[in-house]
Number of protein chains: 2
Amino acid sequence: MATKISQRPKPTLAMVARQAGVSAPTVSKVVNGREDVSAETRARVLAALEQAGYQSPLQRRSAAETGTVVEVVIDVLDSAYMIEVLNGILQFAAAADVEILVSVTGPALSNLRSPERRAQRMLDEGRAGMIVVTSAFSEAQLQAFRRRKIPVVVIDPLNPPSADVVSVGATNWAGGKAATEHLLDLGHRRIAYIGGIEKAECNQARLHGYMAALMARGITVDPRYIISGGRFRRESGVAGLQALLQLDQLPSAIFAASDAIAMGVLAEAGRHGIRVPEDISLIGFDGTRQGEESVPSLSSVAQPLEEMGRAALRSLLRQARGEILDSHRVELATQLIVRGSTAAPAS
Amino acid sequence: MATKISQRPKPTLAMVARQAGVSAPTVSKVVNGREDVSAETRARVLAALEQAGYQSPLQRRSAAETGTVVEVVIDVLDSAYMIEVLNGILQFAAAADVEILVSVTGPALSNLRSPERRAQRMLDEGRAGMIVVTSAFSEAQLQAFRRRKIPVVVIDPLNPPSADVVSVGATNWAGGKAATEHLLDLGHRRIAYIGGIEKAECNQARLHGYMAALMARGITVDPRYIISGGRFRRESGVAGLQALLQLDQLPSAIFAASDAIAMGVLAEAGRHGIRVPEDISLIGFDGTRQGEESVPSLSSVAQPLEEMGRAALRSLLRQARGEILDSHRVELATQLIVRGSTAAPAS
DNA sequence: CTGAAAGCGCTTACAG
DNA sequence: CTGAAAGCGCTTACAG
């Protein structure tokens with residue numbers, strides 16, 4: 001697929017040696033990482049190697065015969081979000097004849113230990129690049145990949161990624177604003193926000209979209225109605241509603257930062273005899289099938305999750321092919337989906 | 001991991017040539033698959049090659065430096081079942097330092113085209129083996145792998161696999177029986193079965209467990225209460241309940257062959273104002289989180305899905321290591337989980 | 001169809 | 001630390 005076909009005769013050690021003004025054995029030593037070469041000579045040889053585009057016979061065979069393999073790193077495969085993203089990646093991969101290596105790091109993100117070794121290994125194995133889904137990535141980790149020119153794409157980065165990493169996401173701010181405006185349009189004034197991972201970029205954007213919508217209508221943001229510090233999971237919805245129940249006045253509507261959180265709210269509401277949408281309106285974020293199938297079916301802001309997976313892979317393959325990217329941030333549109341969990345307030 | 005370290009000096013072309021009583025160039029031709037060698041000579045060289053365990057330098061490098069890679073083939077990643085199985089595989093892989101290549105074939109199982117090429121490619125790339133999840137596998141396909149001695153493990157095979165393929169599954173017959181007995185114990189006599197893929201082994205086993213339970217209590221199996229021919233998906237539950245609604249008497253309980261089917265039944269029941277469990281009892285199969293979180297929470301027969309994934313990978317790695325297996329069928333226990341969707345019949 | 005001879009690309013052992 | 005020389009493993013071109 002992404003094979004660069006050069007018409008010039010493949011460069012040999014001897015050619016590189018001539019170019020660098022040294023002997024073939026010396027080049028051989030540099031290629032094999034042996035110690036007995038002066039730093040100065042090594043630098044010169046390295047430059048010539050790079051310039052000639054030299055590949056050892058072994059590398060050549062990998063490049064020629066090995067298919068394109070892309071690594072995908074996720075924390076755990078247990079949310080509808082993750083599944084749809086992965087599905088998008090896998091389906092595009094099948095169409096593009098690319099292979100996908102999936103690895104889970106577990107919730108402890110630091111499990112991606114010794115990034116240097118991992119990056120080197122990816123280089124040795126001729127892997128085309130790496131897609132990271134929602135995991136935090138430290139600068140040190142990214143540098144290991146950058147130095148080896150291994151392309152990395154991050155979907156919904158937790159921390160704002162550095163300039164030379166492509167990130168893929170949705171229009172979270174606009175989506176958060178649309179969800180809140182929908183509730184406002186229905187007549188709600190007391191609207192709560194139950195967030196996911198606090199420092200995650202997408203959470204921040206959704207929260208600020210929510211605040212922007214309120215402020216545009218002249219409604220003061222009540223900090224007690226902003227619940228944060230959880231994950232994008234069901235448990236956060238359960239805990240979030242419990243926290244709201246402590247207040248002397250319950251909000252009339254809740255904007256949950258993910259469908260999973262909303263499902264938690266829904267379950268906990270049922271446990272307290274609170275009806276949705278009669279007693280409280282509820283809107284989620286993600287637009288997963290899970291929300292569509294719940295009772296009542298969940299209003300939500302849909303993210304094109306499969307498309308985000310495809311976009312990430314597409315961008316990665318472009319980079320691997322050496323194409324120049326038009327953007328370092330791919331942002332796909334969200335869409336408000338009104339279903340059964342939102343209605344006008346009771347009073 | 002599974003590297004066989006041989007102490008004898010690595011065999012060279014020249015050694016093999018001496019062994020076969022031919023020249024080095026001739027062996028070279030055979031190794032490179034060139035045509036201009038007599039069949040007889042080729043056979044002799046091939047034998048010597050095999051006997052000496054000759055590997056080209058390229059093969060040698062793959063064997064030495066490449067980690068263990070296992071391929072996993074699924075149709076689509078869209079059911080809770082598939083996700084839990086895959087999660088089990090991925091988590092065990094992370095612990096065992098094995099890499100997992102996931103590919104989706106799409107619902108058209110035949111997409112696994114040209115098995116010969118695929119098997120050859122796996123051999124060339126040094127892949128340790130392949131895990132197939134619920135996809136049908138033809139004899140011709142299996143043979144391509146068998147001839148190359150590439151281990152294959154099938155999780156929940158659709159067709160009974162041939163003797164030299166290891167299959168992994170749960171105690172489906174016992175589980176089907178347990179589900180039905182639970183309904184019988186509650187006092188139900190009119191119990192329907194809504195099945196998944198009809199010819200799938202696991203579906204057959206669940207159905208026969210259901211029939212066995214009925215017959216053991218002297219209840220005649222009513223063929224109109226057996227709905228089959230769908231897939232293990234939500235849609236089958238929707239269609240299944242619709243079919244049952246056509247009968248002049250609705251059953252008082254339904255055993256659905258998967259949680260996804262049960263969720264479809266639940267949604268469709270809601271649409272018809274049929275309450276679960278007041279009007280009809282419902283039990284699923286799989287024990288997924290999805291069923292646990294539904295309203296009412298779903299009684300089910302839990303399969304250890306993650307454990308099935310782990311067991312498949314464990315068995316595959318054993319085979320790749322050349323160990324002898326104690327069983328060609330790994331069968332893990334199911335467990336009846338009684339939750340809110342089953343109760344005594346109304347009358 | 002076979003193999004002696006030449007050659008290719010790389011590595012090794014070692015003299016300087 | 002460098003490279004001329006020898007060597008290794010494989011392949012190619014071609015005579016028989």
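Note on naming: letters A, B, ... go to the chains in the order of the sequence lines (proteins, then strands), and numbering restarts at 1 for each one. Note: hydrogens, waters and symmetry copies are ignored here, and every other heavy atom, side chains too, is used.
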(request) Give the dot-bracket string for DNA chain D, reading 5' to 3', where a pair is Watson-Crick or G-U wobble with both distances under 3.5 Å, ( ) marks pairs inside the strand, [ ] marks pairs crossing earlier ones, | marks a partner on another strand, and . marks unpaired. (result) |||.||||||||.|||
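Legend: residues meeting side-chain contact (heavy atoms from CB on, under 4.5 Å) with Arg314(A), ordered by chain and number and at least two apart, are Phe92(A), Glu307(A), Arg310(A), Ala311(A), Arg318(A). When the side-chain contact (heavy atoms from CB on, under 4.5 Å) test is applied to Ala20(B), the partners found at least two apart in sequence or on another chain are Val22(B), Val45(B), Ala48(B). Residues passing the side chain to side chain donor-acceptor pair (under 3.5 Å) test with Arg148(A), sequence neighbours excluded: Glu116(A), Gln120(A). Legend: residues meeting side chain to side chain donor-acceptor pair (under 3.5 Å) with Glu306(A), ordered by chain and number and at least two apart, are absent. Contacts of Glu323(A) classified as side chain to side chain donor-acceptor pair (under 3.5 Å), with partners at least two apart in sequence or in another chain: Arg321(A). For the side chain to side chain donor-acceptor pair (under 3.5 Å) test, no residue two or more places apart in sequence or in another chain qualifies with Ser79(A). Partners of Leu316(A) by side-chain contact (heavy atoms from CB on, under 4.5 Å), not counting sequence neighbours, listed by chain and number: Val70(A), Ile131(A), Pro151(A), Val153(A). Listed by chain and residue number, Val69(A), Glu71(B), Leu101(B), Arg121(B), Arg127(B) satisfy the side-chain contact (heavy atoms from CB on, under 4.5 Å) test with Glu99(A) (two or more places apart in sequence, or in another chain).
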(message) For nucleotides 11-16 of chain D, give me one character per nucleotide, 5' to 3': B if any protein heavy atom sits under 4.0 Å from the base, S if the only such contacts are to the sugar-phosphate, - if neither.
(response) SB----
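Between dT2(C) and Ser38(B), a contact under 4.0 Å exists linking OP1 or OP2 to a side-chain N or O. Remark: Ser23(B) is in phosphate contact with dG3(C), judged by side-chain N or O atoms under 4.0 Å from OP1 or OP2.
The side chain of Val37(B) has dT2(C) as its nearest neighbour among dT2(C), dG3(D), dC1(D).
Each of Glu201(A), Arg329(A), His328(A) was evaluated against Ser167(A); a single residue qualifies, Arg329(A), per the side chain to side chain donor-acceptor pair (under 3.5 Å) test.
Near-neighbour residues of DNA chain D inside residues 40-50 of chain B, defined by a heavy atom below 4.0 Å, are absent.
Taken to the nearest 0.5 Å, the CG atom of Asn87(B) stands 6.5 Å off from the CG atom of Asp78(A).
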